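Okay, structure first, notes after.
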Amino acid sequence: MFGKNKEKKENTKEHKHSVKHAKEDIKGLEKRASSRYQKVRGFFKETYNKRIMYMYIVCALGVTFLIEVLARGSLIKGIYYVISSPYVFIVNALIVLMTLSVTLLLRRRFFGMALISLIWIIFGVSNCILMANRVTPFTAVDLMLIDSAFDVLDKYFDFWQIVLVIIALIAAIAGIVYLCFKAPKVNHKIQYVRNIAAIIIIWAIGFGAIQLGLGSGLIPRQFGNLRDSYTSYGFVYCFSNSLVNTGVKKPENYSEEAIRALINGKTYKKAKEKPNIIFLQLESFFDLNKVKKIKLSQNPVPTFTKLKKKFPSGYLNVPVVGAGTVNTEFETMTGMNMDDFGPGEYPFKTILNKKSCESIAFNLRPYGYKSHAIHNNTATFYGRNHVFANLGYDTFTSIENMDELEETQNEWAKDKCLTKYIMDTLKSTKKQDYIYTISVQGHGAYPSEDLGSFIKVKGIEEEGLKNQYEYYATQTYEMDAFVNELTKKLKKFKEKTILVMYGDHLPSLGITGNDLENGNVYQTEYIIWSNYKTKYTNEDLEAYQLEPKILKDLHITEGEINNYSQKHRKDKDQKAYLEGLHKLEYDQLYGKNLANNGKNPYKPTNLKFGLYEVSISSINPMRNDVGTIYIYGNNFTPYSKVYINDEKYDTIYIDRNTLIVQYPELKGGDGFVVKQQNSDTHILSETKKYSYAAEETNARKIKETKAKKKKHKKK
């Protein structure tokens, strides 16, 4: 027994001893861990405080490399880019370093660096997404298209993809907020003079590297093909270039004498003929028969093929590929060359949003033409609701003023509705009409799933891409059918009419020059159709030369740019022609209007939305259904929204003459207004205020008049 107690005591001692050693071991581990933490923390502090430039350089190189990997969609391609173009990569990294350097003046430098790096990475991700969906890269002007981007977001991305993007943005914002409060501060007094000097040195090195690159030809100042340029010269440099390089640069010899020399030979002629002129810009319209690697089960554009043989036609060199409709639109409307503007710039979102200039609409006005725009998409896309007034249009019929529309499987309006609106516009005036019609059916993105397209494509192994081609072929087939119907209607129309139709750019299907018979992704085709005999001939054109070609044969010479191009576009000295065009463009948009004695002769129009006025004729509450109000009137559409006493109510569209709202407290004096809008911030037009009290009074007077007439008849 005593032995057992002794053994028990010894076991207890051993247990206590082992516990003691265990605690000592734990303390030792904690001490060593703490020591390692202190060493890491100390090293970080030392690096953060004494070797800060190492952190900045590594951060700039890392961010730039990540952006280039995203742009190429491949780590290997990103590494190859760095190895094959080291100087260009260093220039891009220096630009990032220049933006990071401003945080040297902050106490929370780590937070500042993280925020700026995140902004660059978000731009890089945006570029990656856009390159995959619309072919053209992300430019500074895209920042001005945020409102338009939201309008089409659901057509490019699935719901879950949008959700993931939102979650990622929320996570990024949360991370930045966390860093704002938790990131370490500089624990010493900031040497502002020294740090400002460091910033100046960094920026001087950056600008010096850029100038050296420009001088040696390693990087360009102006870009041709944006996609290729971004790939060759890096996203950061090209994006930064698009940020600062905007508008038309002042020509070296810009003067009154130089401008007068260009316009002194201006010729004015009496119009030979004044037919209706219709420009039909077909969204992403392109003859897939021109793609060498594929075979089609049938011709997707039989009408277009037939018309090319019968009417004047040719290739049209457009300024964009895959996207950027409004830049082709800009060239054909104004006769100006997009090559003279900044890389990736959209004049519709920059200068034309605030300034009017020469256009085909203004040039036709002295000849008695009324000018109209028609587009089966929202009026606010690319800011057309403002720009078209600055380009001289009298009316603009957009989807907000259209009804009975059919949509594609990708939810774009089908083009066949445009025939009705074109014909209605021609019939709405007794004089000549100029109509610029912009279609939308062929718009991307194209679904990669099999939607049962009846035109089959062979020669493409990747199933998703093959489905995209087949979907696109089906859309162009329907667009071609619309062209067939329109030309048949115009052929029977009694007024002389010219129809100029063309694709605005190639579709975003990954088509390269090597895939095409003509070898040029910047070429679409045009046709000059007419319901009477003309003298136009086949030739290849720049998009900005289409207006002067059409108007010259009609002896319509109005406008400095139109007149100049009519005289010189076929000159042997094309360099001199383009330099002169550059001077006239600068003079009108950014210069002193020397061609017009210092005054802008082009005054914005009072643009009317829709061909016909939207109006309310009566308000009728349903007796058997309390709260249901019928609004009767004219020219309502699915975009008509009812406002009662300045408050918007959910509106049910019945037909062009009837709308329904739920409003249980109807009383005398309630004011009704119908507004045409695609969102609460984009209201195009509204009806005159209709007072329900006035409706009651009118109804009572009508009732009393009928009663008197009935009584009089009895007598």
Side-chain angles (χ1 to χ4, degrees), residues 278-318 321 328 332 408 414-416 418-419 422 437-444 446 453-460 466 468-492 497-509 511-513 515-534 536-541 543 546 549-550:
I278 304 170
F279 275 56
L280 176 56
Q281 182 168 282
L282 297 161
E283 172 62 45
S284 300
F285 188 78
F286 164 69
D287 183 358
L288 278 178
N289 293 300
K290 300 286 185 182
V291 180
K292 295 183 292 185
K293 67 180 180 180
I294 66 171
K295 289 185 179 180
L296 302 160
S297 61
Q298 68 181 82
N299 184 3
V301 289
T303 302
F304 203 78
T305 302
K306 181 178 67 176
L307 295 179
K308 279 192 295 184
K309 296 176 182 177
K310 189 176 180 181
F311 292 91
S313 63
Y315 281 112
L316 189 70
N317 293 303
V318 295
V321 60
T328 301
T332 53
T408 67
K414 291 192 174 183
D415 290 343
K416 63 181 182 179
L418 295 171
T419 300
I422 291 171
T437 306
I438 309 142
S439 92
V440 79
Q441 181 168 352
H443 208 295
Y446 309 113
S453 302
F454 67 90
I455 297 180
K456 301 301 178 183
V457 178
K458 292 182 179 180
I460 301 175
K466 178 175 173 290
Q468 288 181 323
Y469 266 80
E470 291 180 349
Y471 174 87
Y472 173 77
T474 301
Q475 300 312 313
T476 54
Y477 182 85
E478 292 186 4
M479 294 168 74
D480 186 81
F482 149 61
V483 169
N484 184 44
E485 180 190 10
L486 177 61
T487 50
K488 283 182 178 178
K489 293 273 188 183
L490 291 173
K491 190 174 182 180
K492 296 177 182 177
T497 302
I498 292 173
L499 171 65
V500 186
M501 59 189 114
Y502 55 92
D504 58 349
H505 53 69
L506 264 60
S508 53
L509 288 169
I511 298 170
T512 66
D515 299 324
L516 300 172
E517 290 179 0
N518 58 308
N520 189 344
V521 295
Y522 285 91
Q523 283 186 330
T524 63
E525 292 180 283
Y526 75 93
I527 297 173
I528 304 173
W529 181 96
S530 60
N531 60 3
Y532 72 102
K533 189 174 181 179
T534 65
Y536 294 111
T537 57
N538 295 345
E539 66 174 316
D540 295 343
L541 292 170
L546 196 54
K549 176 181 174 67
I550 298 301

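Everything numeric here is computed off the predicted structure, so don't read it as measured data.
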- Between OG on residue Ser508 and CD on residue Gln468, distance to nearest 0.5 Å: 7.5 Å
- Message: Looking at Lys456, I want to see if its NZ is surrounded by more than 12 non-hydrogen atoms of other residues, nucleotides or ligands under 6.0 Å.
- Response: yes
- Item | Check: Tyr472 side chain, Ser284 main-chain N or O, donor-acceptor pair, under 3.5 Å | yes
- Message: The criterion is salt bridge (charged side-chain N to carboxylate O under 4.0 Å, His left out); which residues satisfy it with Glu470, sequence neighbours excluded?
- Response: Lys466
- Working to the nearest 0.5 Å, report the span between NZ of Lys492 and NZ of Lys488. 8.0 Å
- Message: Are more than 12 heavy atoms, taken from residues, nucleotides or ligands other than Lys308, located less than 6.0 Å from that residue's NZ atom?
- Response: yes
- Message: Could you check whether any side-chain N or O of Asn531 sits under 3.5 Å from a backbone N or O of Leu490, counting only pairs where one atom can act as donor and the other as acceptor?
- Response: yes
- Note on the structure: Heavy atoms of Thr474 and Ser453 approach each other most closely as OG1-CB, 3.1 Å
- Do the non-hydrogen side-chain atoms of Thr487 and Met501 ever get within less than 4.5 Å of each other? yes
- Task: Start with the C-alpha gap between Leu288 and Tyr469, add the side-chain angles, then the distance that decides, and say whether side chain to side chain contact (heavy atoms under 4.5 Å, CB included) holds.
- Result: CA-CA 9 Å; Leu288 278 178; Tyr469 266 80; 4.0 Å; yes
- Any donor-acceptor N/O pair, Asp415 side chain to Val440 backbone, under 3.5 Å: yes
- Message: Could you go through Glu517 and Lys292, starting from their C-alpha distance and side-chain angles, then the distance that decides it, and tell me whether this counts as salt bridge (Lys or Arg N to Asp or Glu O under 4.0 Å)?
- Response: CA-CA 6 Å; Glu517 290 179 0; Lys292 295 183 292 185; over 6 Å; no
- Message: Could you walk me through whether Tyr532 and Ile498 satisfy the side chain to side chain contact (heavy atoms under 4.5 Å, CB included) test, starting with their C-alpha distance in whole Å, then the side-chain angles of each, then the deciding distance to 0.1 Å, before giving a yes or no?
- Response: CA-CA 8 Å; Tyr532 72 102; Ile498 292 173; 3.5 Å; yes
- What is the minimum heavy-atom distance between Tyr536 and Ile550, and which atoms define it? OH-O, 2.6 Å
- Message: Would you call the rings of Tyr446 and Tyr471 parallel, tilted or perpendicular, taking 30° and 60° as the class edges?
- Response: tilted
- Do Ile294 and Leu296 come close enough that some side-chain heavy atom pair is under 4.5 Å? yes
- Message: Check whether Thr524 reaches the backbone of Gly503 with its side chain - one donor and one acceptor, N or O, closer than 3.5 Å.
- Response: yes
- Message: Between Phe285 and Asp504, is there a side-chain heavy-atom distance shorter than 4.5 Å?
- Response: no
- Message: Would you say Tyr502 and Gln281 are linked by a side-chain donor-acceptor pair, where the criterion is simply a distance under 3.5 Å?
- Response: yes
- Query: Just by distance, do the side chain of Asp540 and the backbone of Tyr315 share a donor-acceptor pair under 3.5 Å?
  - Reply: yes
- Does a side-chain heavy-atom distance below 4.5 Å link Ile527 with Pro312? no
- Message: Under a 3.5 Å threshold, yes or no: a donor from one side chain and an acceptor from the other, between Gln441 and Glu478?
- Response: yes
- Message: Assess the residue pair Asn520 and Asn317 against the criterion (side chain to side chain contact (heavy atoms under 4.5 Å, CB included)); give the C-alpha distance rounded to whole Å, side-chain angles, the decisive distance to 0.1 Å, and a yes or no.
- Response: CA-CA 9 Å; Asn520 189 344; Asn317 293 303; 3.9 Å; yes
- Item | Lys295 side, atom NZ; Lys293 side, atom NZ - distance, nearest 0.5 Å | 15.0 Å
- Mind listing the closest non-hydrogen atom pair of Pro300 and Pro302 along with its distance? C-CD, 3.4 Å
- Message: Can you tell me how the ring of Trp529 sits relative to the ring of Phe311, calling it parallel under 30°, perpendicular over 60° and tilted otherwise?
- Response: tilted
- Message: Measuring from atom CE of Met479 to atom CG of Leu280, what distance do you get when rounded to the nearest 0.5 angstrom?
- Response: 8.0 Å
- Can you name the nearest heavy-atom pair linking Val521 to Thr512, along with the distance? CG1-C, 3.5 Å
- Query: Sequence neighbours excluded, which residues qualify as side chain to side chain donor-acceptor pair (under 3.5 Å) partners of Asn289?
  - Reply: Asp287, Asn299
- Do Leu418 and Leu486 come within less than 4.5 Å of each other through their side chains, counting heavy atoms only? no
- Task: Taking the side chain as every heavy atom from C-beta outward, state whether Leu307 and Val483 have any atom pair closer than 4.5 Å.
- Result: yes
- Query: Are Tyr477 and Phe454 an aromatic pair by the rule of ring centers under 6.0 Å?
  - Reply: yes
- Short question: side chain of Asp480, backbone of Phe304 - any donor-acceptor pair under 3.5 Å? yes
- Message: Can you tell me if Lys549 has over 12 outside heavy atoms packed within less than 6.0 Å of its NZ?
- Response: yes
- Message: Is any side-chain heavy atom of Thr408 closer than 4.5 Å to one of Lys414?
- Response: yes
- Query: Is there side-chain contact between Glu283 and His505, with heavy atoms separated by less than 4.5 Å?
  - Reply: yes
- Would you find a donor on one side and an acceptor on the other, under 3.5 Å apart, between the side chain of Ser530 and the backbone of Thr497? no
- What distance separates Thr328 OG1 from Tyr522 OH, expressed to the nearest 0.5 Å? 10.5 Å
- Query: Does Asn538 use its side chain to pair, donor to acceptor, with the backbone of Gly314 at less than 3.5 Å?
  - Reply: no
